[in-house]
Amino acid sequence: MKLYSTRKFKTEKAGQDRISTVNSFMRHLSFQWSGKKSTERMQPRDFKMVMLFVLLGMCSQSAAQDGISLAIYTVTSKSLTVQWSKYSGASSYKITATPKNSPEPPAFAQFSENSVMGSVNSLAPNTIYIVAVEAMDNALNVLSTAEVEEVTAPEVPTIEQAYSKQSDSITVEFSATPGASSYVLRAESAAGEFSETPVSASPGTVLHLQPYTDYILSVMSVNSGGMSQPSLPVQVKTVVAAPELNSTSSSNSTILLTWDRVEHAVLYTLCIIMEGSDTRVKLNTTNTSVAFMDLEPGTTYCIKGNAWDPHSIPGEDFTVCQITRPPTPGLVQVMLTVDGSQHMAVHWETMHGADRYFALSTTGQNCSSSDSYCVISPLSCGQNHSITVTALNRAGPSGPSDPEDFLTFPCPPESIWVEEPVPGHCTVLWSKVPWVEYYKAFVKRDDGSEELCNTTSSTCNYHCQCGFTYFMNVFAYNRAGSSPPGHVLNYTTIPCCPEDVSISLVSTETLEITWSPVRGAEVYETKAAGVSDLIHCNDTAPVCALSDLRCNSRYSVVVRPCSELRGCNNTCRPHTEETAPCTPEILSITQTNVSCVNISWSASNKEANYTVKVVGEMDSHTCHSTGTSCEVAHLACGSTYEVSAIACTSVGQSLASYTIPLETGPCCPQVLKVTQVTQAMTNVTWSEATGAQSYVTSLTSMRGDAKCHTLETHCLMGCITCGINYTTSLEAISSTGHKSECIYHGFSSSACCPSSVKLYRMTNNTIQVYWHSSGNLNNYTADLYGANSNYTCTPPPGGNSCRVSEIMCGDVYTVVVAPLSQDGTKIKFCPKRMYSVSCSGSNVGMASRRICQLTFHLTLIYHTCLYLGQTNLLNVRNLLLARKNVIVFICFYHVLIYCVHKVSATKLNSEINMTLNSALI
């Protein structure tokens, strides 16, 4: 079933959107089913689904709008099929198709109230129509209308002829129709095979058909409106398939064709033609193989074959081209190459149709070429070759040519040897070789001189000297030429002893021996024999180093030249040499004091002097001894040294011993100072010490010790007892753990601050200050600091009270009682206490007050400060109200005084902080 795209009708906007959805779906179905085969046509279930979708779209359109809707369903050359939506109240529907640009009368059709699809027939092909639908009631009143514009398909074309020349295709010639943009060729077979092939014009070809099969062919014209009805069908049978020819050439005059039997074929026709010729030879046969005889060698023939069906209709043809094998090469010649490389060149006459040539010897050697010659290599001596040449092309090889014989050059002698019955007179001998006319013996000395001997025998004599190497070679000759080079014999005479042997000591345990090269020596053997050991070395150079000898020992050294063939000369005289002293080994380094060390070592040398070196970054020291120890003094503290020892004899100097590191203890700091920070805490500082990484500072007394370990040059030490003498010491420690003890002058802690300081009011504005001392007879001083005046009193030595006269009442005083040091300075770290001195009563204002008095003063202070502009005291008031003790009154009384005198807020805050931090809170 073929579906075509629908057109939207002219109606309200909402309905057009839904109809567009239906049209898109119909176009999709038209695309899917237009190319299906007949066996894949739309099933009933598929058609029901299409109709359901269309009806649902039409119902949705009716619900969304008031007017009727219209759409084109299918188009042919003479009919239009439309579909519309049902209209409420309609009893019938009228479809009218009016030509748009033609005077032809309109066509119409009327349908019942239950119809939603109908056709208008008797239309003109390739004509544009205005198609309208009218919904009418029983009185034929038009309730609603809709229209759409569509063109009919072109006229049905006519098949003029159809034929098959290929087994898988049929060509159709048909008449052209006006308005057609393309055509569709439809082919159907009795077996159900179905295909539609679009073509642009006549003729058109339907491909992918089966051989020798009947097909019903029709053609349809196509324009933008749709497709016409099929033309009148014609029946055409495809021709039989072509035979697939396989060709071979078994000789240079024969081509054999074979093929598989073709179905429905009753006869085969073969036509053969030679390349470059117009002559054709035809052959009919019912067999499936044919041999063509008496053909030209090396020539290409093209053969076309086709099969005939039972109705004597020729089938599809098939062509194959085959070349015959080339003719046999002639005029074969064999010779040695002219370049003297002892290769065999084979020449022949080129043949028509040959691509390459192959030359083969009876020895199995071969060569190939596309030219008129090739080279067989390598050749072997004493051989008789028989050569044949074969031509080749794509069809295969030709027959071999007539053989050509060739004799090669002689072989060299298999063995050569030398005899020397008397020193200086040598004879070279060799084995005989067959097919030789004469020999040439070449004797060459390694200095370049050469002797030649021509002989028909197998010996030659020559003069040979000591210390030379001789190279001997023998060549055999015949009419084909010289034999290749044979085995080269090397003969070497015995070498002589070197006369200028020189021995020197290059290291403590190594002797270097040098001499001049001698003739005939390939390697030199040097031996050094000691009391209990034997050292030797072999080298090709005239120098040798004998190492790993025993130190401080005598050796007998001999140099023997050797050759691989003749061995070593054992008549060379020996030489005597002594090695350097042994290296001493440092056993210990003992530090006898801060700047002096004793160094001891072990050694087994005889009559040796020893030197010890102590080398530092800033200075170095040495000591000498014939024994096994010595002492080095004046070493710097905090320094690192490297200690080594060497031994010396008349032969030379030993290697230095392993270096032993020596580190002296770090230096003590030049300056150390102890400062007391508080009554129980001191600060110790010192200068940096050379070589020290960390320090341990100690203060030692009978009452206890204090110790501090630090990397700095100062330390804060606590737990100090006042009034005690301490011993001050410092331990300097290096990064490797070496330590130096440093003792300094003692340190005496300050006298203890007094306790229980109290103030009593006396008569005549006098204050008596009392305290408890530590028991030592120390001098004290008492200081009273007020807002307006300060007072100081000092008791007699050993006293614990003093009196201050004419003190100003109504003030808060800071009282400090401190002992005096031996130099009369006052200790500054004793605690401060605050006391209020009132102008009434007999007690100092440190007694408690009632809560009502405290509240009164707080309120008075607050309002006074507000009046004076000191509003920043509000936070201070709130803070001090939370402190429920006597000092609250004292502080705020102090604040009141400052507020009345209009002091600055900065000074007032400073005084309050001092009060809050006092020991009385």
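Any value given below was found using the heavy atoms of this structure, including those in side chains, with hydrogens, waters and symmetry copies removed.
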Main-chain N/O of [Y] paired to [X] side chain as donor or acceptor, under 3.5 Å:
X	Y	result
E522	E564	yes
S401	V389	yes
S231	T158	no
T288	R261	no
N246	T248	no
D371	Y373	no
T390	P397	no
T324	E296	yes

Is the charged tip of K304 near the ring of F318: under 6.0 Å from the six-membered ring centre and within 45° of its axis? no

Report yes if some heavy atom in the side chain of [X] is under 4.5 Å from a heavy atom in the side chain of [Y]; otherwise report no.
X	Y	answer
Y183	T197	no
F292	I303	yes
L379	L336	yes
E188	P233	no
D309	V266	no
V206	Y215	no
T459	V428	no
L295	I255	yes

Gap between atom [atom2] of [Y] and atom [atom1] of [X] - 0.5 Å precision:
X	Y	atom1	atom2	value
N252	S398	CG	OG	7.5 Å
L331	H347	CG	NE2	13.0 Å
D539	E525	CG	CD	12.0 Å
E160	S175	CD	OG	5.5 Å
S249	R394	OG	CZ	11.0 Å
M472	E451	CE	CD	10.5 Å

Only pairs under 3.5 Å count here: list side-chain donor-acceptor contacts from residues 273-282, not counting sequence neighbours, and write none if there are none.
from : atom 1 : to   : atom 2 : distance (Å)
S277 : OG     : T279 : N      : 3.2

Quick one: closest heavy-atom pair of P495 and G520, and the distance? CB-C, 3.7 Å

Where V219 and P157 come nearest, the two heavy atoms and their spacing: CG1-CG, 3.5 Å

SG-SG distance between C367 and C374 under 2.5 Å?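 With an SG-SG separation under 2.5 Å, C367 and C374 do form a disulfide.
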
Residues in ring pair (Phe, Tyr, Trp, His ring centres under 6.0 Å) contact with H208, at least two apart in sequence or another chain: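 Applying ring pair (Phe, Tyr, Trp, His ring centres under 6.0 Å) to H208 gives none.
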
Contacts of F406 that satisfy ring pair (Phe, Tyr, Trp, His ring centres under 6.0 Å) - sequence neighbours left out: none

Tell me whether the rings of Y438 and Y477 are parallel (<30°), tilted (30 to 60°) or perpendicular (>60°).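 Geometry flag for Y477 against Y438: parallel rings.
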
Would you tell me whether [X] and [Y] have side-chain atoms, one donor and one acceptor, within less than 3.5 Å of each other?
X	Y	result
S431	E414	no
D500	S516	yes
N287	S289	no
T269	W308	yes
T469	T492	yes
N569	T571	yes
N461	T427	yes

Exercise answer: donor-acceptor pairs, residues 350-357 side-chain atoms, under 3.5 Å, sequence neighbours excluded:
from : atom 1 : to   : atom 2 : distance (Å)
H352 : NE2    : G298 : O      : 3.2
R356 : NH2    : S368 : OG     : 3.2
Y357 : OH     : M351 : N      : 2.7
Y357 : OH     : M351 : O      : 3.4

Quick check, are the ring centers of Y439 and W430 under 6.0 angstrom apart?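 Yes, ring centres under 6.0 Å apart.
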
What about the rings of W515 and Y524, do their centers lie closer together than 6.0 Å?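 Centroid separation for W515 and Y524: below 6.0 Å.
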
Should we say atom NZ of K237 is surrounded by more than 12 heavy atoms from elsewhere, each under 6.0 Å from it? yes

Flag if over 12 foreign heavy atoms under 6.0 Å of CD, E173: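 Atom CD in E173 is crowded, with more than 12 foreign heavy atoms closer than 6.0 Å.
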
Check the pair C460 / C453 against disulfide (SG to SG under 2.5 Å), numbers first and verdict last. CA-CA 6 Å; C460 274; C453 172; 1.8 Å; yes

With C537 via disulfide (SG to SG under 2.5 Å) - residues at least two apart: C544

Between R566 and E420, does any NZ, NE, NH1 or NH2 come within less than 4.0 Å of an OD or OE carboxylate oxygen?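 Between R566 and E420 there is a salt bridge, with a charged N closer than 4.0 Å to a carboxylate O.
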
Side chain to side chain donor-acceptor pair (under 3.5 Å) evaluation trace for E316 with S167: CA-CA 6 Å; E316 185 178 353; S167 61; 2.7 Å; yes

Which is it for M220 and R186 under the side chain to side chain contact (heavy atoms under 4.5 Å, CB included) test, yes or no, and what are the steps along the way? CA-CA 8 Å; M220 295 164 286; R186 179 178 293 173; 3.4 Å; yes

Which residue pairs pass the ring-ring contact (aromatic ring centres under 6.0 Å, His included) test when at least one of the two sits in residues 448-473, sequence neighbours left out? H425-H463, Y462-Y470

